[in-house]
Amino acid sequence: MEEKKLLHMKFGSFLKFYAFVSFSLGALVGVLGFLISLIGGDVTVNLGATELTGVLAGVVGIVFFPALFYVMGIIGGLIAFLPFKL
């Protein structure tokens with residue numbers, strides 16, 4: 001098995017890794033929100049003027065949290081690459 005050092009990671013690979021980790025965290029948060037909504041917890045999602053509560057909010061959270069975290073991961077990866085290389 002070939003050993004690679006983490007500091008030799010290219011920009012594209014770093015961005016993919018950062019986005020994947022962010023997407024995974026978003027999926028975890030979305031699933032946890034859905035599970036909380038299933039057991040009767042107070043889950044609320046605001047989509048502009050529309051406010052969703054309950055299980056429907058949990059289902060919407062499963063879709064939107066990973067997508068939102070993915071976009072935030074790409075932006076965060078763009079910002080974090082230079083300090084990572086230094």
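For the single chain, residues carry numbers from 1 onward in sequence order.
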What residue pairs, at least two apart or across chains, pass ring-ring contact (aromatic ring centres under 6.0 Å, His included) with a residue in residues 28-69? none
The criterion is side-chain contact (heavy atoms from CB on, under 4.5 Å); which residues satisfy it with L68, sequence neighbours excluded? M72
Could you pull out every donor-acceptor pair under 3.5 Å between side chains of residues 40-63 and any protein atom, sequence neighbours left out?
none

Tell me if the CZ atom of F81 is crowded by more than 12 foreign heavy atoms within 6.0 Å. yes
Just to verify, what does I75 make a side-chain contact (heavy atoms from CB on, under 4.5 Å) with, not counting sequence neighbours? V71, I79
Residues 13-30 side chain polar contacts: donor-acceptor under 3.5 Å, at least two apart:
{"from": "S22", "atom 1": "OG", "to": "Y18", "atom 2": "O", "distance (Å)": "3.0"}
{"from": "S24", "atom 1": "OG", "to": "F20", "atom 2": "O", "distance (Å)": "2.9"}

